[in-house]
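Below is one structure, written out as structure tokens, with a few remarks after it.
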Amino acid sequence: HVSTDLRPLNIHPHNLQLNNDEAALEAEVNGNWTPQEKALHEARLKAKAKRRVRKSSSRSESLSESLSGELADGDSHSPKGKVPVPNDRKSRTGKGRGLPKKGGAGGKGVWGAAGMVYEVEEPDVKDPNYDEIAQGDTVYATVVPELDERELEKTVNPIVQEYFEHGDTKEVQMLLRELNLGHHKYEFSSLAVSLSLEGKASHRELTSRLLRDLVGKELSESDMARAFDKILKELPDLMLDTPEAPQMLGQFIARAIADHALPMAFLDRYKGKVDCDHARAALDRAAVLLSMKREMVRLDNVWGVGGGLRPVKHLVKEMNLLLKEYLVSGEVKEAERCLRDLEVPHFHHELVYEAVVMVLESKGDTAVKMMCKLLQAFWKIGLVTVDQMNRGFQRVYDELPEINLDVPHAHSIMESFTDLCYQESVITKQLRDSCPSRGRKRFVSEGDGGLIKN
């Protein structure tokens, strides 16, 4: 069977021309070229062949894509029905209009889109290019770390002890402002009260005044209430060192409520809710004091007036009463206790003065012997020092002429009393010899011209 297909062959003229040129070059190479030129010519031919293969493959791929696009039945992963091509960097999601990224604001060396206005940014301290000098004046603030419970007690105790010496509440307020007590602020009040329970009555009076002055400035009423709540819980431990702690704490609570340092409802919160007997005794003591002194604004005398805070007239009156009670009872220990409770060691010379004046104004030798015994006891225990003893006697020496107006025999009584005190080692020989004596003037006779007999 012979085919009768007479269709012409589809031969491109360019390919026909290339084949003729290659044949001619090959004939020329075989005839005249050197081996080096021949090798170079073969390399060029191979390169041309590779380029032709690459172009023909790209044409075939584009043709296949167009054909597959027409025949594809809507693949979900190929947008617009296109078959994905390997190593194709174009977007496969079908989104976008071919515009530049970020509206032209992205890319290397780009400062943003056209027309964009940037706000002023604060300089960052962590920036490597941050210049501290260029930022103007630098303000340095002192940061005080918060004290923990251990450091709090070590710091507060010296402050309270010094306050017991100077009694200046403003000084304590200034020191508290320099500390960062944090949420332990209320513990300052509890520590101050605990320390005053172990001290004197004057210390407790100073502590009550300190609590009154701190409320509203450094502490609040709630802080003060928390402080007393803590003390009530620690009351059994405080009684080990201070057995009278429940009564003293009750007086503290009553004084604080009267001074408006504690809220009036503080006692009402504990009604029927206290299991500790000591805490109940303290609260009962406070309730009794408040009911007795309801008409008074403040319980100023709940601790008495202690030490140098008392007026001089009051101290003189107390010492006179002390000496009179001693002359009646004769108890040296009781007199010593009363003198110590006055808490005025710098004023003990007044006791010596009053004792000597009482001897001069007394009748009989009983007062002389008892006062000498009392001064001797105070001298031996160191309650009255040498300076105070000398000062008390010297004051009597200076006022002896005035005393003699009321007591005619004051000089003779004074001489006998100083001799007795010197024998009992109460005063020094120099003090005894300085005792004034009234000389008696004796005239020779009448009409002798006023000559004095030697």
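Hydrogens, waters and symmetry mates are skipped; everything else that's a heavy atom, side chains included, is used. Please read all numbers here as calculations on a predicted model, not as lab measurements.
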> According to the salt bridge (charged side-chain N to carboxylate O under 4.0 Å, His left out) rule, which pairs have a member within residues 416-432, sequence neighbours left out?
Replying inline: Lys429-Asp433
> In terms of side-chain geometry, is the basic nitrogen of Lys154 or Glu151 positioned less than 4.0 Å from the acidic oxygen of its partner?
Replying inline: no
> Can you list every pair that meets side-chain hydrogen bond (donor to acceptor under 3.5 Å, both in side chains) and has a residue in residues 171-181, with sequence neighbours left out?
Replying inline: Arg177-Glu218
Donor-acceptor contacts under 3.5 Å from residues 277-290 side chains, at least two apart:
unit_1	atom_1	unit_2	atom_2	d
Asp277	OD1	Arg280	NH1	2.8
Arg280	NH2	Val274	O	2.7
Arg285	NH2	Gln251	OE1	3.3

> Taking only residues two or more places apart in sequence, or in another chain, which ones meet Tyr326 in a ring pair (Phe, Tyr, Trp, His ring centres under 6.0 Å)?
Replying inline: none
>> Does this structure show an ion pair linking Asp259 with Arg255, if we count only N-O contacts that are shorter than 4.0 Å?
In response: yes
>> Tell me every residue that passes side-chain contact (heavy atoms from CB on, under 4.5 Å) with Glu162, counting only those two or more places apart in sequence or in another chain.
In response: His166
>> Just to verify, what does Tyr353 make a ring pair (Phe, Tyr, Trp, His ring centres under 6.0 Å) with, not counting sequence neighbours?
In response: none
>> Closer than 3.5 angstrom, by distance alone: can the side chain of His348 be matched with the main-chain N or O of Leu383 as a donor-acceptor pair?
In response: yes
> Can you name the residues that form a ring pair (Phe, Tyr, Trp, His ring centres under 6.0 Å) with His184, not counting sequence neighbours?
Replying inline: none
> With sequence neighbours left out, what residues match Gln430 under side-chain contact (heavy atoms from CB on, under 4.5 Å)?
Replying inline: Thr428
>> I'd like to check the salt bridge (Lys or Arg N to Asp or Glu O under 4.0 Å) partners of Asp268; sequence neighbours left out, ordered by chain and number.
In response: Lys271
Anything under 3.5 Å between a donor and an acceptor, one on a side chain of residues 384-393, the other on a protein residue two or more places apart or in another chain? List them.
unit_1	atom_1	unit_2	atom_2	d
Thr385	OG1	Gln388	N	3.4
Thr385	OG1	Gln388	OE1	3.4
Gln388	OE1	Thr385	N	3.2
Gln388	NE2	Pro345	O	2.4
Asn390	ND2	Val386	O	3.4

> With Glu325, which residues qualify under side-chain contact (heavy atoms from CB on, under 4.5 Å), at least two apart?
Replying inline: Leu321
>> I'd like to check the side-chain contact (heavy atoms from CB on, under 4.5 Å) partners of Met248; sequence neighbours left out, ordered by chain and number.
In response: Leu197, Arg204, Thr242, Glu244, Trp303
>> Looking at Asn129, is its backbone amide N or carbonyl O close enough to the side chain of Asp127 to form a donor-acceptor pair, meaning the two atoms are under 3.5 Å apart?
In response: yes
